[in-house]
Amino acid sequence: MEGKQTKGRQKIAIKRIENEDDRLITFSKRRSGIYKKASELVTLCGAEVAVLVFSPAGKPFSFGHPSLESLANRLLGQNLAPNDSSHPLVEAHRKVRIIELNQKHSELLGQMEAERDRGKALKEGTGEKSSQGWWEAPIDELSLQELKQMNAMLEEFHKNLYENKNQLRRNGGASSSSFQAHSGHATNIPFCQL
């Protein structure tokens with residue numbers, strides 16, 4: 001079985017994204033990307049970095065090292081006495097913990113995005129499959145539970161078909177209208193939207 005072909009990374013035009021859901025997703029991804037780059041600057045260069053971003057809804061998001069407040073005060077010329085009260089080992093542990101939390105945050109955002117994309121695909125997929133019967137679902141895209149459910153429905157369908165065929169034989173080759181009346185039982189199998 002060959003893997004799913006994707007378009008890969010593509011260059012996008014830098015303009016306002018019209019779809020609101022896509023715009024929020026892009027904001028979240030780009031914001032976390034900026035935080036990651038800022039964190040890398042801190043780690044690699046020992047730089048002091050402050051990033052302040054307001055969402056389209058006006059909600060503020062910030063990243064600062066050593067802190068947003070100290071950097072803002074420094075920028076505004078309110079040089080406060082540096083905080084030398086922290087022990088170097090405590091500071092080192094804090095930096096490592098921040099890096100770990102940033103990595104975990106990035107992983108969770110990736111998982112959340114993957115789930116959101118999966119939900120979108122399922123929503124789109126059910127819209128397309130509504131005109132199809134449950135028996136036309138692409139088998140290689142079904143989960144184990146869905147495959148078991150499909151197998152049970154096929155077995156039920158086979159059993160009903162066999163019973164209808166035997167009923168027709170007993171009735172001595174009844175007319176097609178009789179077959180339609182009996183075959184209604186076979187179509188009462190639960191319809192599954194996968």
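Remark: N151 CG to L147 CG distance equals 8.5 Å, nearest 0.5 Å. To the nearest 0.5 Å, atoms CG (N166) and CG (L168) are separated by 9.0 Å. Separating the CD1 atom in I25 from the CG atom in D117 is a distance of 6.5 Å, to the nearest 0.5 Å. One finds the CG atom of L75 at 10.5 Å from the CG atom of L68 (value rounded to the nearest 0.5 Å). Within the model, atoms CD1 of I17 and CG of D22 stand 6.5 Å from one another, a figure rounded to the nearest 0.5 Å. Atom CG in N171 sits 4.5 Å away from atom CD in Q167 (nearest 0.5 Å).
Criterion: ILVMFWY side-chain heavy atoms under 4.5 Å apart, direct or through other members. Under it, F63 and V53 are part of a common hydrophobic cluster.
The environment of CZ in R23 is crowded: more than 12 heavy-atom neighbours from other residues, nucleotides or ligands sit within 6.0 Å. The number of heavy-atom neighbours closer than 6.0 Å to CD of E100, taken from other residues, nucleotides and ligands shown, is above 12.
Between the side chain of Y35 and the backbone N or O of S62 there is at least one donor-acceptor pair closer than 3.5 Å.
Across all non-hydrogen atoms, the minimal contact from F61 to S55 is CE1-CB, 3.7 Å. Here the shortest heavy-atom pairing between E163 and R170 reads O-NH2, 4.2 Å.
Of the candidates Q111, R116, E115, R116 is the only one forming a side-chain contact (heavy atoms from CB on, under 4.5 Å) with E113.
Remark: K104 engages E107, L108 in a side chain to side chain contact (heavy atoms under 4.5 Å, CB included) (not counting sequence neighbours).
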Show me the side-chain donor-acceptor pairs of residues 36-52 shorter than 3.5 Å, one per line, residues at least two apart or across chains.
unit_1 : atom_1 : unit_2 : atom_2 : d
S39    : OG     : N102   : ND2    : 3.2
T43    : OG1    : S39    : O      : 2.9
E48    : OE1    : R74    : NH1    : 2.2

